[in-house]
Amino acid sequence: MTILVTGARGQVAQALVARLHAAGLPVRAASARPAELTVPAGIETAEVVLDRPETFGPALHGVEQVFLYPDPDGIDAFTKAAQSAGVGHVVLLSSSSVLGPDAETDPMASHSLLVERALTASGLPSTFLRPDAFSGNALGWAYDISQGRPVQLAYPDAELAPIHSADIADIAHEALTGTRLRGRAITLTGPEGLTFRQQLAILSEVAGHEIPVVRITHEEAERQLVRYMPAASAGSLLAWWATASRQPAAIADTTQTLLGTPARTFRQWAAENAAAFTRR
């Protein structure tokens, strides 16, 4: 039976599709824009748009399991369609933010929390993967660094434990193909806590040039962020970083604890992506 992977343009989903295909498992890669997908030869593609329920039936035909990218729009209709199609298990790419005290009202956390609750209410057997910060978030600094500009941060000493997207894909693969993770809600991190300053120092080493860090005010950072995201989301992100400046990062489950394989470090991710931080 086929495994449907939604959000298949994302890094985690792309890596997961490759792993499932390499294992000889039937996989279907789905996206709101399937024509833009790049997948290995022989992999089916499908359109899934969560606010267009008419896309669900063809994508779910013959599907036994789903790797689901979180989007609350249309999630109730999707769970009903999945049940009708005979789906027996959903692995959700959720977020550790759902564990926060204000998750119901926090714009970042509520997005994933609503999907978790919908899956729970539906009765569909589900596994929730809740990663914390992604190593790939550092790509947000890449343009300024490549242009020789300093990185401006309101909370340069915020300490996080960034996780490599390939580690999430490995864990998702196990959740879909094995039994030991099925039905669990698992918080995921990388293997070590690093402040933004420390991450930038590592990027400086792999890129071969100094990366200056300039501290700015909370308000200045908020004005910058709202160019790219809603104001409420910017405020939520800055509040998270402010909290992370006052306490060490908590290390949760990793590939080491869950799979017995060493977790990929931020330095490894940086080395793999050094070209993005090289001065133009």
Side-chain angles (χ1 to χ4, degrees), residues 1-34 36-48 59-71 82 87-96 112 119 124-137 139 162-191 252-273:
M1 294 285 281
T2 300
I3 298 172
L4 178 69
V5 177
T6 73
R9 290 186 301 130
Q11 288 187 346
V12 174
Q14 286 182 4
L16 176 60
V17 166
R19 283 158 173 71
L20 294 169
H21 182 62
L25 297 169
V27 57
R28 184 177 300 149
S31 169
R33 297 189 290 277
E36 299 177 12
L37 290 175
T38 301
V39 296
I43 290 182
E44 295 181 46
T45 61
E47 181 183 32
V48 170
L60 288 165
H61 178 70
V63 167
E64 181 180 13
Q65 296 191 83
V66 176
F67 177 77
L68 186 63
Y69 191 84
D71 189 339
V87 170
H89 180 220
V90 175
V91 175
L92 175 68
L93 181 62
S94 186
S95 166
S96 66
S112 294
L119 286 169
L124 271 170
S126 300
T127 301
F128 300 152
L129 303 183
R130 296 168 171 168
D132 203 57
F134 284 57
S135 295
N137 291 347
L139 288 171
I163 184 170
H164 197 300
S165 59
D167 280 8
I168 303 173
D170 286 345
I171 293 165
H173 182 274
E174 173 61 28
L176 289 163
T177 61
T179 58
R180 52 184 164 167
L181 303 185
R182 186 170 290 213
R184 295 174 58 184
I186 309 168
T187 302
L188 306 174
T189 66
D253 275 309
T254 67
T255 55
Q256 183 67 57
T257 62
L258 295 172
L259 310 179
T261 57
R264 295 170 177 88
T265 64
F266 181 80
R267 183 176 293 277
Q268 182 174 345
W269 179 90
E272 294 166 356
N273 293 273

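Residues: numbered from 1 along the sequence shown.
- For the pair Gln14 (side chain) and Arg9 (backbone), a donor-acceptor distance under 3.5 Å is present.
- With hydrogens and angles disregarded, no donor-acceptor distance shorter than 3.5 Å links the side chain of Asp132 to the backbone of Thr189.
- Between the Thr6 side chain and the Phe67 main chain, a donor and an acceptor come within less than 3.5 Å of each other.
- At least one donor-acceptor pair under 3.5 Å links the side chain of Gln65 to the backbone N or O of Leu176.
- In this structure, the side chains of Val66 and Leu60 come closer than 4.5 Å at one or more pairs of heavy atoms.
- The backbone N or O of Ala59 lies less than 3.5 Å from a partner atom in the side chain of Arg28, making a donor-acceptor pair.
- Contact record, Val91 with Ala175: CG2-CB, 3.9 Å, taken as the closest heavy-atom pair.
- Under the 4.5 Å side-chain criterion, counting only non-hydrogen atoms from C-beta, Thr187 is not in contact with Asp253.
- Going from atom OG of Ser95 over to atom CG of Leu129 covers 11.5 Å, rounded to the nearest 0.5 Å.
- Of the residues listed (Arg182, Arg19, Arg180, Arg184), the one engaging Glu174 in a salt bridge (Lys or Arg N to Asp or Glu O under 4.0 Å) is Arg180, and it is the only one.
- Nearest heavy-atom pair across Val5 and Ala13 is CG1-CB, 3.7 Å.
- The closest donor-acceptor contact from the side chain of Thr127 to the backbone of Gly183 lies under 3.5 Å.
- Looking at Ser94, its side chain never comes within 3.5 Å of a backbone N or O of Leu92 through a donor-acceptor pair.
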